[in-house]
Structure formats: C-alpha cells, structure tokens
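Okay, so here's the structure we're looking at.
Both ligands and their constituent atoms are indexed starting at 1 by order of listing. Only this structure's heavy atoms are used, side chains among them; waters, hydrogens and symmetry mates stay out.
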Amino acid sequence: MGKQFPLIPEKVKKIETKYRKIVTDIPVPESLPILEKLRRYEPISMTGQPPIIWDRAVGINVYDKYGNMWLDFSSGVLVANAGHGNEYVINEIKKIIEKPLLHNYCFPSEIRAELVEKIASLSPEPLKKVFLLTTGAETIECAIKLARTYGKKRNRKIIITFEGAFHGRTLGAQSVGGIPELKEWIVNPDPDIIVMPFPGDPRCKDRSFDLFLKILAERKIEGKDVCAVISETYQGGNASFMPVEYAKSLREWCDKNGVILIFDEVQAGFGRTGTFWGFQHYGIIPDLFCLGKGISSSLPISAVVGREDIMNQYQPGTMTSTHTGNPVCCASALGSIKYIEENRLWENAERMGRVFERELNKLKKYELVGFVCGKGLVWGLHIVKPKTEQPDSDKAFEIVKKCYEKGLLLFAPVGYKGATIKINPPLIINEEAIVEGCSVIEESIKELI
Ligand code: PLP
C-alpha cells in the first residue's frame with residue numbers, strides 16, 4: 001500500500017477512439033510543474049492517484065487541457081453516479097447560486113426541505129428521518145454516536161463490525177473499520193468494538209451465521225450487551241456482498257436482541273449495485289443507513305437516514321454541523337437524485353453489470369487474476385502472484401498505470417493488501433464503452449506477463 005505513480009514522462013502509443021484519446025507523453029511533460037506544486041504543498045498522502053490533471057469531466061470521460069481524454073472507470077471514487085458534469089446537477093446548482101444562496105447553516109431553507117423529503121420518500125418504512133452532513137466518515141461518526149447513545153440508556157456498549165471493513169478515516173470510522181494497518185495509529189483502541197470475519201469475502205471459508213454466534217459465545221458476549229452491528233452493504237475493498245441468508249439471519253438476530261443494524265451505503269447507494277439501495281439485494285431493512293459519494297454525483301454532501309426513535313435522541317441544537325444541508329450541495333443532490341430516478345439508472349447498472357461480469361470473468365484465464373467480485377456497476381479484480389493466493393499489489397499497480405497510459409482511468413488499487421483493482425464507472429455507461437475498457441485491462445495484463 002501507499003505507492004506513488006512516477007512523474008517521469010513516458011513515450012506511449014497514441015490512441016484515438018470514441019472513448020479515449022492519448023496524444024502526449026504520459027504524464028504530460030507540460031503538466032509537471034502543476035504536479036510538482038501539489039507534491040510540494042500537500043501532504044504525501046495526497047499523491048496516491050494517477051498523475052493526470054483533471055481539467056474537465058463530462059459523462060463517462062475525464063479530460064486534461066493537453067488534448068487527452070480518458071474513459072473513466074473510477075467515477076472519481078464512486079461519486080459521479082449520474083455522470084460527470086450532469087446537466088440536471090448543473091442546472092440545480094445554477095438556480096441556487098443565481099439567487100444567490102450559498103450558505104444558511106441550520107437555519108431553514110426550502111431546498112433542504114425538498115432534499116430531506118426526497119430522500120425520505122425513497123427510503124423504506126420506518127426509516128423516515130434524514131440528517132444531512134458533509135462527508136461519508138461524518139455519517140459513520142454520527143451513526144456510532146446515535147447507536148452508543150441508544151445503547152447507553154439500555155446499558156449496552158458493544159459495537160460489532162467486520163474484517164476488511166472501511167468506513168472512512170476519522171477516529172470513530174476507523175475504530176469500526178476492519179483493516180488492522182489503518183488502525184495502528186489508534187493508541188487507545190475501543191475494547192467494545194468487536195471485529196467478526198466478513199462472510200462475503202471470497203477467501204472466507206465459513207459463510208454461515210453460526211460462525212457469528214460461535215464467536216460471540218467464545219467471547220462470552222450476549223445479545224443484550226450489544227448496541228449495534230455495522231457493515232458496509234458490500235465491502236468496498238473488493239466489492240463483495242454478504243450471503244443473503246447471512247444478512248437475513250443477522251437482521252433476525254438484531255431484532256431478537258434489540259440491536260441496531262447499521263448499513264454503510266456510502267458506496268452502495270443511489271443505484272450503484274443495480275438496485276436503488278444496496279441493501280435491497282438482501283431483502284432486509286437496516287435501522288440506520290449512511291449515505292455519501294453518489295448522493296450528489298459531485299459536491300460534498302452526505303446523510304444518515306433512520307428510525308425516528310434513534311434519530312430523535314438529541315435535543316434542538318445539539319446534533320448539528322456548520323455545513324449541514326448546505327444549499328448548493330443540497331441542489332446538487334436533488335439534481336443527481338432526480339436524474340437517477342427519471343432515467344432509472346439502477347436498471348442500467350444492473351444490465352451493464354452483466355456485461356462486466358461476462359468481460360471480467362474472461363480475464364480469469366490469466367493466472368494473475370485471483371478472483372472477480374461485484375454486482376451492478378461495482379467490480380473488484382483481485383491480482384495475485386500466479387498459482388498462489390498471495391495478493392500482488394505491485395502488479396495491480398502496474399496494471400492501473402498501463403491503463404491510464406492507454407486512456408482508461410482507474411484509481412489506485414485498494415482492498416486486501418492493496419491488490420484489488422476497483423472498476424466502477426458512472427451509471428450512464430454503455431456496453432460498447434465497457435467492452436473497450438475491459439479490452440484495455442486485458443491488453444495491460446498481457447503486456448505484463
Ligand atoms: N464508507 C464507505 C463504504 C466508503 O467507501 C467511504 C470512502 O471511501 C467512506 C465511508 C468515507 O467517506 P468519505 O471519504 O466521504 O469520508
């Protein structure tokens with residue numbers, strides 16, 4: 001984990017197709033002063049992505065100002081669900097900017113009322129309260145706070161989470177994360193956070209809910225001690241889902257024991273997985289869920305949605321944030337949600353997901369492709385050392401590098417040992433672009449073996 005792509009321009013093959021255009025060396029020599037300025041003034045942590053300079057992003061493409069165009073399989077980390085620079089989103093933003101109304105703190109605004117009503121109308125009963133925030137990690141912090149507050153009144157404090165989970169980079173979010181390397185900085189880990197094996201992980205041998213019960217029994221934890229269980233709807237690290245039976249048993253267990261079930265839908269919401277909400281795949285409803293990323297296809301806004309008795313625990317003025325429901329961000333979310341709804345983009349995600357399934361599974365013939373996971377428009381291609389199950393983050397990194405040199409944009413590998421290439425284009429993508437993008441991945445793999 002933690003590699004930088006080199007800033008040494010390489011002569012690469014010129015490319016011009018409907019979806020990709022590469023006409024310069026990569027990285028572009030003229031762009032180096034900008035890249036170097038970023039490296040000089042920003043922390044090194046900001047240097048992990050391919051060194052191409054975004055100038056414009058429209059639909060499924062990202063452009064620099066030097067004449068290159070990339071086919072985007074990243075959605076800028078799963079944000080641009082409705083496509084980059086979506087016209088509905090831009091129009092809604094323009095209307096509010098032109099008033100102008102750029103900020104109103106928690107004072108009421110009509111646009112915030114419209115957005116919370118819209119999200120509530122899309123959420124299943126009894127999840128009808130919506131609290132707007134700014135980032136995904138903040139929603140997790142808020143969900144932890146609500147669950148712990150609810151639990152405290154009932155003398156419970158344990159939170160159960162899963163190995164491999166990623167919920168953001170703030171203290172609470174990382175405390176309920178399941179990636180040990182990311183938690184090393186936490187000098188006083190919370191002893192009441194229990195990490196269970198994630199049953200959806202392709203390497204997990206025992207996928208039954210019995211394992212969950214067995215681990216609780218071994219640790220002498222009873223249901224009455226637990227305040228909440230939190231899980232990503234699918235694990236972002238490699239796009240793996242819980243077995244449906246497991247999710248149903250978990251819901252039943254939570255109901256029986258009065259435990260709050262929290263789904264982190266920050267990646268999974270707004271059509272990404274082929275259903276409007278990711279948890280619809282399980283046929284269950286959580287008590288709280290967290291939203292972010294694709295909510296606006298653009299500006300930073302997020303939300304916690306949940307049951308009234310959990311959401312209403314804080315008195316007027318005591319659960320707020322300075323930028324709660326910023327009007328410009330609300331406008332972007334309304335535009336994006338309306339576009340996704342009117343165009344039923346989750347249906348396209350479902351159809352195009354079948355194309356990815358077909359194309360990516362073909363890549364399994366290469367020994368360095370360990371497993372392929374996903375649904376809808378989120379997929380993970382796990383790269384291993386040939387004939388082993390050992391993750392190969394260097395090869396994964398090289399594949400991503402070759403791809404952007406060929407005009408296909410992916411973000412740096414993630415997941416177990418940083419060896420999973422995530423593939424998650426905007427939900428407006430078509431079959432032709434998917435087939436072309438997958439052929440670029442194949443070409444890159446072939447060049448590396
Ligand atoms: N939850 C999930 C599932 C995520 O994938 C992320 C970010 O990648 C977060 C939470 C944190 O969101 P943010 O980066 O907006 O804080």
Side-chain angles (χ1 to χ4, degrees), residues 1 43 45-46 48-49 74-81 131-147 159 161-179 181-183 193 195 198 200-201 228-242 261-273 277-279 281-282 286 288-305 321 323-324 326 329 332-333 336 373-380 410-416 418 420-424:
M1 276 204 221
S45 62
M46 286 293 288
Q49 297 306 329
S74 78
S75 299
V77 89
L78 300 106
V79 169
N81 283 21
F131 177 47
L132 298 174
L133 285 158
T134 311
T135 68
E138 262 183 297
T139 65
I140 303 298
E141 298 291 337
C142 177
I144 293 171
K145 176 173 168 178
L146 288 169
I159 297 180
T161 178
F162 292 91
E163 287 170 8
F166 182 80
H167 296 288
R169 298 196 190 275
T170 54
L171 179 59
Q174 229 143 44
S175 298
V176 295
I179 305 173
E181 303 89 280
L182 299 186
K183 299 171 78 163
I193 291 174
V195 187
F198 183 67
D201 188 291
V229 177
I230 180 166
S231 179
E232 289 161 275
T233 307
Y234 67 81
Q235 279 204 340
N238 51 24
S240 55
F241 289 71
M242 277 183 192
L261 180 59
I262 306 166
F263 274 147
D264 174 351
E265 286 259 322
V266 168
Q267 279 200 21
F270 302 99
R272 173 60 56 189
T273 68
W277 304 121
F279 56 74
H281 289 287
Y282 301 130
L288 289 179
F289 64 104
C290 299
L291 299 172
K293 294 191 188 280
I295 185 172
S296 65
S297 296
S298 56
L299 301 190
I301 179 161
S302 61
V304 181
V305 185
S321 172
H323 293 293
T324 297
N326 170 280
C329 298
S332 68
S336 179
C373 279
K375 266 190 211 311
L377 284 173
V378 58
W379 290 85
L410 299 155
F411 51 73
V414 293
Y416 182 56
T420 301
I421 297 174
K422 277 283 286 292
I423 297 161
N424 20 245

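Here the side chain of K293 pairs no donor or acceptor atom with the backbone of G136 at under 3.5 angstrom. For H323 (side chain) and P300 (main-chain N/O), no donor-acceptor pair under 3.5 Å exists by modelled atom type.
Taking CD of Q267 as the start and CG of L78 as the end, the distance is 4.5 Å to the nearest 0.5 Å. The CZ atom of F411 sits 4.5 Å away from the CG atom of N424 when rounded to the nearest 0.5 Å. Note that CD1 of I140 is 9.5 Å distant from OG1 of T161, once rounded to the nearest 0.5 Å.
F241 carries K375 over the face of its six-membered ring, with the cationic atom under 6.0 Å from the centre and within 45° of the normal.
For ligand 1, the protein residues within 4.0 angstrom (heavy atoms only) are T135, G136, A137, F166, H167, G168, E232, D264, V266, Q267, K293.
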